[in-house]
Amino acid sequence: MYLITNRHLCDENHYLSVIEDTVSSGIENVILREKDMSDEELTDLYNKIVSKTSYLHNKFNLIINSNINLYKKLNFSGIHLSFERFIQLVNEGFIFEDNKILGLSLHNTSDISTLEKIIKENNIKVDYITLSHIYETKCKENLKPKGINLLKEGKKITDIKIVALGGILPENVKEVLKYADDFAIMSTLFTCENAKLKIKEYKI
């Protein structure tokens, strides 16, 4: 399971508690997705998370979304990028470290095919891709979900780990995991009263 953060869904105390509870429940990947924060604000938040979770790479992966500066500066496990940003960095000759996690956001099979070509041409290691959004979700209220078929078709094109995203709930997670390697959640955990109990509902 991947937790994607969103501090706009709750107050800071609850936000940090959810991350702490998530990690103590055995969730291995936390994507820090606060793209509207300055480097200084993100650094402060990073330090609070590290303090709250006693962050160690062998305990869980803390992955920064988009911010190359802090990816280089702080002790993140890796970085998560939009596909467009990834392509831009490849074209600029950016060197992705093999010992760091690289995750990408993709939204259709055409992107997957393009990614496969880029990987072969540039010998880049991509650890996982998120495919979204699978089901209806409040985060994408006016957009039609892609459905399970996106996961099915994606599996035919790539061997990269596929992480399903968007509207993944305890009642549909079994179906999702027939066609995806893992799944990511955000609002479900940050808006619930007890994250540990909610995570148990996802255990299959």
Side-chain angles (χ1 to χ4, degrees), residues 1-67 70-71 74-81 100-105 127-141 161-177 180-204:
M1 185 187 297
Y2 287 67
L3 173 68
I4 300 175
T5 71
N6 186 342
R7 75 189 192 288
H8 297 297
L9 294 173
C10 57
D11 63 42
E12 185 178 280
N13 287 335
H14 186 70
Y15 176 94
L16 292 171
S17 293
V18 166
I19 295 174
E20 182 182 28
D21 289 346
T22 297
V23 172
S24 65
S25 297
I27 305 309
E28 296 179 350
N29 303 284
V30 177
I31 300 175
L32 189 58
R33 189 186 182 276
E34 310 300 342
K35 295 190 289 185
D36 59 337
M37 297 182 83
S38 68
D39 284 7
E40 184 178 356
E41 290 170 327
L42 265 173
T43 299
D44 181 57
L45 181 57
Y46 166 88
N47 288 329
K48 288 177 180 177
I49 292 171
V50 167
S51 175
K52 191 79 170 175
T53 61
S54 302
Y55 168 55
L56 293 170
H57 286 300
N58 61 359
K59 187 178 180 183
F60 74 103
N61 299 313
L62 184 56
I63 301 165
I64 184 70
N65 189 305
S66 301
N67 193 309
L70 294 188
Y71 165 67
L74 301 176
N75 188 29
F76 283 104
S77 308
I79 191 164
H80 185 97
L81 299 168
K100 296 277 191 175
I101 294 170
L102 175 58
L104 305 175
S105 293
D127 295 278
Y128 70 89
I129 57 174
T130 59
L131 291 181
S132 64
H133 61 294
I134 305 305
Y135 297 110
E136 288 187 11
T137 171
K138 290 181 180 178
C139 299
K140 308 278 187 181
E141 278 187 318
K161 181 180 182 180
I162 292 178
V163 179
L165 171 63
I168 313 299
L169 301 171
E171 54 264 36
N172 61 36
V173 69
K174 284 187 179 181
E175 181 71 11
V176 166
L177 291 178
D181 301 296
D182 210 332
F183 63 98
I185 50 179
M186 180 174 66
S187 56
T188 305
L189 284 185
F190 283 106
T191 58
C192 73
E193 291 185 5
N194 191 317
K196 286 186 175 182
L197 287 178
K198 182 60 67 174
I199 288 169
K200 284 183 180 180
E201 294 178 21
Y202 280 94
K203 298 294 176 70
I204 58 172

Determine whether I31 and Y2 make a side-chain contact, defined as any pair of heavy atoms from C-beta on separated by less than 4.5 Å. yes
Side chain to side chain, I134 and I168, heavy atoms closer than 4.5 Å: yes
Hey, does the side chain of H14 reach the backbone of T191 with a donor-acceptor pair shorter than 3.5 angstrom? no
Does any non-hydrogen side-chain atom of L165 lie less than 4.5 Å from one of M186? no
Within the structure provided, determine whether L45 and Y15 are in side-chain contact (heavy-atom separation under 4.5 Å). yes
Check: I162 main-chain N/O paired with D181 side-chain donor or acceptor under 3.5 Å: yes
Heavy-atom pair of closest approach, residues A164 and V176: CB-CG1, 3.4 Å
Any I19 side-chain heavy atom under 4.5 Å of F190 side chain: yes
For E40, look at atom CD and say whether over 12 heavy atoms of other residues, nucleotides or ligands are found less than 6.0 Å away. no
Identify the two heavy atoms, one from I64 and one from N67, that lie closest to each other, and give their separation to 0.1 Å. CG1-CB, 3.9 Å
Sorted by chain and number, sequence neighbours left out, side chain to side chain contact (heavy atoms under 4.5 Å, CB included) with E28 holds for none
Are V18 and L16 packed together at the side-chain level, in the sense that at least one heavy-atom pair is separated by less than 4.5 angstrom? no
Heavy-atom side-chain proximity of I79 to I101 below 4.5 angstrom: no
Enumerate the salt bridge (charged side-chain N to carboxylate O under 4.0 Å, His left out) contacts for residues 12-21, please, sequence neighbours excluded, ordered by first and then second residue. E12-K48, E20-K52
Passes salt bridge (charged side-chain N to carboxylate O under 4.0 Å, His left out), K161 versus D127? Steps please. CA-CA 7 Å; K161 181 180 182 180; D127 295 278; over 6 Å; no
Set out, in order, the CA-CA distance, both residues' side-chain angles and the distance that settles side-chain hydrogen bond (donor to acceptor under 3.5 Å, both in side chains) for H80 and S105, then state yes or no. CA-CA 8 Å; H80 185 97; S105 293; 2.6 Å; yes
Would you say that T188 contacts Y202 through its side chain, given a criterion of any heavy-atom pair below 4.5 Å between the two side chains? yes
